[in-house]
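The block underneath contains the structure these notes are about, expressed in structure tokens.
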Amino acid sequence: MLQKPRGTRDFLPEEMERRRRIEGCMRETARRWGYREICTPDFEHLELFTLKSGEGIIQEMYVFEDKGGRQMTLRPEVTASVLRAYVNEGKVLPKPIRWCYFADCFRYERPQKGRYRQFWQFGVELIGADTASADAETITLADELLRTAGVTFDLQIGHLAPMKRLTQDLPPEGQRAVMAHLDKRNHAGLEQSLAEIGRDDLFEPLIGLVDSRDPAAVFEIAGDMPERSRIEELFAILDSMEISYTPNFGIARGLDYYTGMVFEAFAPNLGAENQILGGGTYRLAHLFGGDDAASSGFAVGFDRVMVSLGEFPLEKTPIAAVVSTPEARARAWEVARAFRAAGIQTEIDLMQRGLSAQLAHAAKTADYAVILGRRECESGRVTLKNLHSGTQQEMTLAEAISGVSQHGAC
RNA sequence: GCCAGGGUGGGGUAGCUGGUUAUCCUAAGGGACUGUGGAUCCCUCGACCCGGGUUCGAAUCUCGGCCCUGGCCCCA
């Protein structure tokens, strides 16, 4: 038997209903904040992502050569595409630009819990605003999005400036290593890296930075800096909005293009892959030939949110099954059409089953049976049977439709 | 790329210290039952992940691959 590709999943209707429901929550929240949907290609020129993230990511992507000999790749994320689209067509739009997307992405990685080779991200990008308010909007929207979806999470917010200030004298490789260790809270690795470059004196301040839960203490350690007022303003807005978060000035997000604020959210009930959201402020447009627009944004790991949420009840709408004898076949089609026109999910027998078997089937899949035989054909009425209570009654078609509409599923 | 544990009908399983036709539950389809359902009974359908090796004989032992689950690395 043919298997699905490694790291991919089939979603059956039950699961799709759950996914669409949560997707709808996220879309609605973004809409209320003025973020309108953008859709970019599933595949892009490879160069788009190597420009953004370096050559090293090629081995993690689905790269292919198209029939014209072009180096292409399935998108591993959406931010690069959105910024490319901005450079291509968004330059003249009034700023700030608020865009959101819900899209599948592809990464050639080893699958594990919450990590798949095809996965979905819901994200927003706020382009052209370079203020504490813009930072605050990005974070607050992220918080609201996750809360609306119903997921339990820890929100951690940091800023790259203090860490960069402390490590500004280090060689680039040293700085990179130090930030990586801090991001992973790897104290032993940090100590070793600092020793290798002869800067053991930085160990205590850097640890203090990461462990600090008070922004004021961070400036005590790292000293004053130009970004200080913006950072303080950001946290003031978040506090006034009563956002629940943990300051974490050890977040490095690993990538060079982040310029200031960075934030992440974690779901405590997930395994090793427990980060469900990540974002920050960045500059990318200039890489793709555009202006140096300041941007901020985040992406939600939609599949991880779904794993974290687990099973939850779905609201049911009533289902009607039209059950008929062979002689009432034509009438059954008419009645089914009328039910569907009223917006009711309605199914009709396609298996040429006997009345008994039709009812047996309806009892498993529907809430109401609309029974049609010679008697109903002659009277022009229908028999409506409630399949949960077992009660049934003959009535007009209109009465049956309104009865099903009003009672809902049991 | 690395580590651990797994892979038997659509789903869940027994067998796995080699030996008849591979067990059971469930689902699905049909019948008992041509105007009334989920019960019951009967029937049908349908599986040893793939390939090599050992053996008279492999679901079982062995090797390789693939895939699944979790972890490492990475995490845009």
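Fair warning: this is a prediction, and the values are worked out from it, not measured in the lab. So that the names make sense, note that chain A is the first sequence line, chain B the second, and so on, each numbered from 1.
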| field | Donor-acceptor pair (no angle test) under 3.5 Å: A:Q358 side chain, B:U36 base | value | no
| Mind checking whether A:F263 and A:F298 have parallel, tilted or perpendicular rings, split at 30° and 60°? | perpendicular
| Residues two or more places apart in sequence or in another chain: which of them pass side-chain hydrogen bond (donor to acceptor under 3.5 Å, both in side chains) with A:T167? | A:Q175
| said: Could you tell me how far B:G46 sits from B:G6 if I compare only their C1' atoms? Round to whole Å. | reply: 24 Å
For residues 307-315 of chain A, which side-chain N or O atoms pair as donor and acceptor with protein atoms under 3.5 Å away, sequence neighbours left out?
| residue | atom | partner | partner atom | Å |
| --- | --- | --- | --- | --- |
| A:S308 | OG | A:N269 | OD1 | 2.8 |

| request: Indicate whether the side chain of A:E65 and that of A:Q71 have a donor and an acceptor atom separated by less than 3.5 Å. | output: yes
| field | Sugar-phosphate only, base, or nothing, as touched by A:E376 at under 4.0 Å among non-hydrogen atoms | value | base
| remark: Sorted by chain and number, sequence neighbours left out, side-chain hydrogen bond (donor to acceptor under 3.5 Å, both in side chains) with A:D211 holds for none
| task | Answer with yes or no whether the side chains of A:Y282 and A:E125 bring together a donor and an acceptor at under 3.5 Å. | result | yes
| Which pairs pass salt bridge (charged side-chain N to carboxylate O under 4.0 Å, His left out) with one or both residues in residues 286-296 of chain A, sequence neighbours excluded? | A:R283-A:D292
| Residue pairs, two or more places apart or on separate chains, that pass ring-ring contact (aromatic ring centres under 6.0 Å, His included) and touch residues 9-34 of chain A | A:F11-A:W120
| note | When both distances are under 3.5 Å in a Watson-Crick or G-U wobble arrangement, the nucleotide paired with B:A14 is none
| task | For A:T281, enumerate each residue passing the side chain to side chain contact (heavy atoms under 4.5 Å, CB included) test, keeping only those at least two apart in sequence or located in another chain. | result | A:D135, A:R230, A:T259, A:M261, A:S296
| field | Atom pair distance, as rounded to whole Å: CZ in A:R283 and P in B:A76 | value | 20 Å
| said: Partner lookup for B:C67, please. Criteria are Watson-Crick or G-U wobble with both distances under 3.5 angstrom; report none if nothing qualifies. | reply: B:G6
| field | A:R353 CZ - B:G31 P separation (whole Å) | value | 9 Å
| Of all residues at least two apart in sequence or in a different chain, which pass the side-chain hydrogen bond (donor to acceptor under 3.5 Å, both in side chains) check with A:E191? | none
| said: Distance check needed: B:U34 C1' versus A:R329 CZ, whole Å only. | reply: 14 Å
| query | Could you state the CZ-P distance from A:R304 to B:C75, rounded to the nearest angstrom? | reply | 13 Å
| field | Qualifying salt bridge (charged side-chain N to carboxylate O under 4.0 Å, His left out) pairs, either residue in residues 110-119 of chain A, two or more places apart | value | A:E109-A:R115, A:R115-A:E273
| message | Tell me the interatomic distance from A:M351, atom CE, to B:G31, atom P, rounded to whole angstroms. | response | 10 Å
| task | Give me the residues of residues 290-299 of chain A where at least one heavy atom lies under 4.0 Å from an atom of RNA chain B, by number, or none. | result | none
| request: Give a yes-or-no answer on whether the side chains of A:T383 and A:E376 include a donor-acceptor pair shorter than 3.5 Å. | output: yes
| request: Could you work out the separation of B:U23 and B:A59 based on their P atoms and round it to a whole Å? | output: 14 Å
| Rounded to the Å, how far apart are A:D183 CG and B:A76 C1'? | 13 Å
| Nucleotide paired to B:U34 in any strand shown, Watson-Crick or G-U, under 3.5 Å | none
| Residue pairs fulfilling ring-ring contact (aromatic ring centres under 6.0 Å, His included) with at least one residue in residues 52-76 of chain A, sequence neighbours excluded | A:Y62-A:Y108
| query | When you compare B:C48 with B:G37, how far apart are their C1' atoms, in angstrom units rounded to a whole number? | reply | 38 Å
| Just how far, in rounded Å, is P of B:G1 from CZ of A:R107? | 19 Å
| task | Between B:G10 and B:C73, how far apart are the P atoms? Round to whole Å, please. | result | 38 Å
| query | When the P atoms of B:G18 and B:C63 are considered, how many whole Å apart are they? | reply | 16 Å
| Rounded distance (Å) that lies between atom P of B:A76 and atom CD1 of A:I276 | 15 Å
Using nucleotides 67-74 of chain B, report all nitrogen or oxygen pairs with the protein that are shorter than 3.5 Å.
| residue | atom | partner | partner atom | Å |
| --- | --- | --- | --- | --- |
| B:C68 | OP1 | A:G7 | N | 2.9 |
| B:C68 | OP2 | A:R6 | NE | 2.7 |
| B:U69 | O4 | A:R110 | NH2 | 3.4 |
| B:G70 | OP2 | A:K113 | N | 3.0 |
| B:G71 | OP1 | A:A272 | N | 2.5 |
| B:C73 | N4 | A:Q112 | NE2 | 3.1 |
| B:C73 | N4 | A:R115 | NH1 | 3.0 |
| B:C74 | OP1 | A:K184 | NZ | 3.2 |
| B:C74 | OP2 | A:K184 | NZ | 3.2 |
| B:C74 | O2 | A:E109 | OE2 | 3.3 |
| B:C74 | O2 | A:R115 | NH1 | 3.3 |
| B:C74 | O2 | A:R115 | NH2 | 2.8 |
| B:C74 | N3 | A:R115 | NH2 | 2.6 |
| B:C74 | N4 | A:E273 | OE2 | 3.3 |

| request: Would you mind classifying the nucleic acid contact of A:Q59 as base, sugar-phosphate or nothing, using non-hydrogen atoms under 4.0 angstrom? | output: nothing
| request: Encode nucleotides 37-46 of chain B as B, S and - characters from 5' to 3', where the letter depends on protein heavy atoms closer than 4.0 Å: B to the base, S only to sugar-phosphate, - to neither. | output: BB--------
| Whom does B:C48 pair with, Watson-Crick or G-U wobble, provided both distances fall under 3.5 Å? | none
| query | When the P atoms of B:A27 and B:C41 are considered, how many whole Å apart are they? | reply | 12 Å
| message | Could you tell me the Watson-Crick or G-U partner of B:G1, where both distances fall under 3.5 Å? Say none if there is no partner. | response | B:C72
| query | Which value, in whole Å, describes the distance between the P atoms of nucleotides B:C45 and B:G29? | reply | 16 Å
| query | Expressed in whole Å, how much space separates the C1' atoms belonging to B:G38 and B:A28? | reply | 15 Å
